[in-house]
Amino acid sequence: MVAQGWCSSYIKHTRFLFELKENDDLCRQALTSGSFYLFHNLSPLVQKSGSTYHAPAISCSDLLKTLSQYGKDKSTLEESVLLGCSDSCTAEFALDLGKLEQSSLEKELSAEFRDLSKAIVKTDGKNISLLSRAQALLRWHENNQYCSKSGKPTQKNVSGSKRVCSSNGMVYYPQMSPVVITLVSNGNRCLLANQESFPPGMYTALAGFCEIGETLEETVRREVAEEVGLEVDSLRYYGSQHWPFPMSSLMIACQATVKDDKLDINKAELKDARWFSLEEVIEALQVQIMPPKMADGTRPVWVPPRFAIAHYLIQEWVQIQKTRLEEKINI
Ligand SMILES: NC(=O)c1ccc[n+]([C@@H]2O[C@H](COP(=O)([O-])OP(=O)(O)OC[C@H]3O[C@@H](n4cnc5c(N)ncnc54)[C@H](O)[C@@H]3O)[C@@H](O)[C@H]2O)c1
Ligand SMILES: [Mg+2]
């Protein structure tokens, strides 16, 4: 049994959450003293402060007061999913109140429900990962209410770490799809691509879903060959990010090099792909997102903003190029 308030270190937090995930009684108890991030049909509740959004954490007592206005009681809390815990080990949950009327809820809570894909641009870093995780978990539960084998309902455990089929006991765990995102470089230039579905003018590194049975390295080689007709020569892992759009993905970012740089663009996948010099990439990193059209009717090239791992992957490439140039000058 874990008492609240005693844990402060990362390991203690992790052990606390581990118990909550699997122990229904303990998690039920944590609900009554927890804090809640609210959603309405998968749109998070946010408050505007200046030009940024902040997701308010609602205390259990405030939430119960709000729920009582709609004839709901504490049993509604059990529809929540566990997200994590605060420094003082207050359990944090996400709850979707999509069955209640949106505008009256917004009035009651003095905040608005905003589409995450639009709100994310204006949301601060810590809130982005929290809301992404919350939305992905809530969506997974919404989409997995029936067993794919028996067709019978599945039941969520209290924390939401799994669902179990009521008839055959099959256990379902929240899923995400691994996706590689690769910045290809030929030494002096890097390759950025644009898809039909992207906002106008946005270019980014090549991305693609891993296929069953593939290693990460095989996916990178296949995607680069499929999309731009190049053979990867070397590959280095950079970092990863959970990505909630359109479903839950684990973005695995890599830097890759190629020897040959003649592009054969797969038009079924990409609208355009181009080699960019260091100067061009530095310029693109400085362009605001969704820039207005220029005098000639085109838009300046821009890259994904800071909430996307692609941004940091591109920034790292710039940093490496700058360091190389400095080293050359110093020789
Ligand atoms: N966070 C970032 O920095 C960043 C940057 C670029 C792309 N992305 C994301 O990467 C993802 C993949 O990029 P892409 O669209 O070029 O992939 P892709 O090149 O693999 O092409 C998408 C196609 O792959 C197929 N596919 C295979 N497995 C799939 C699965 N599990 N889910 C959905 N489709 C699947 C579908 O036919 C789909 O149309 C996108 O969801 C995009 O939002 C994130
Ligand atoms: Mg792709």
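Below, all heavy atoms of this structure are taken into account, side chains as well, without hydrogens, waters or symmetry copies. Both counts, for ligands and for their atoms, begin at 1 and track the order of listing. Since the structure is predicted, the reported quantities are computational estimates derived from the model, not experimental observations.
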**Asked** Would you call the rings of His40 and Phe113 parallel, tilted or perpendicular, where under 30° means parallel and over 60° means perpendicular?
**Response** tilted

**Request:** Would you indicate which of Tyr312, Phe245, Phe209, Phe307 comes nearest to atom 20 (O) of ligand 1 when only heavy atoms are counted?
**Result:** Phe209

Residue, atom name and distance, where the atom is the protein heavy atom closest to [atom]:
atom                    : result
atom 2 (C) of ligand 1  : Ala308 CB, 3.9 Å
atom 11 (C) of ligand 1 : Val179 CG1, 3.9 Å
atom 43 (O) of ligand 1 : Trp243 NE1, 3.0 Å
atom 31 (N) of ligand 1 : Ser177 OG, 3.3 Å
atom 44 (C) of ligand 1 : Met251 CE, 3.2 Å

Using a strict threshold of under 4.0 Å (side-chain N to carboxylate O), is an ion pair present between [Y] and [X]?
X      : Y      : result
Glu280 : Arg274 : no
Glu196 : Lys267 : no
Arg133 : Glu92  : no

Would [atom] count as contacted, meaning some protein heavy atom under 4.0 Å?
atom                    : value
atom 18 (P) of ligand 1 : yes
atom 38 (C) of ligand 1 : no
atom 33 (C) of ligand 1 : yes
atom 5 (C) of ligand 1  : yes

Should [X] be listed as contacting ligand 1, given a heavy-atom distance under 4.0 Å as the test?
X      : value
Glu226 : no
Pro246 : yes
Met247 : no

**Message:** If the cut-off is 4.0 Å to any non-hydrogen atom of Glu227, which atoms of ligand 1 fall inside it?
**Reply:** 19 (O)

For ligand 1, which part of [X] has a heavy atom less than 4.0 Å away: the side chain, the backbone, both, or neither?
X      : value
Gln241 : side chain
Ala207 : both
Ile309 : both
Glu211 : neither
Leu313 : neither

**Message:** I'd like to know if the Mg ion (ligand 2) has an N/O/S atom from Glu227 within less than 2.8 Å of it, counting both backbone and side-chain atoms.
**Reply:** yes

**Item:** Gly208 backbone or side-chain N/O/S under 2.8 Å from the Mg ion (ligand 2)
**Value:** no

**Message:** Regarding Tyr203 and Asp272, do their side chains bring together a donor and an acceptor under 3.5 Å, going by distance alone?
**Reply:** yes

**Asked** For residues Ser248 and His242, is any side-chain donor paired with an opposing acceptor at under 3.5 Å?
**Response** yes

**Request:** For atom CZ of Phe18, decide whether the heavy atoms of other residues, nucleotides or ligands shown that lie under 6.0 angstrom number more than 12.
**Result:** no

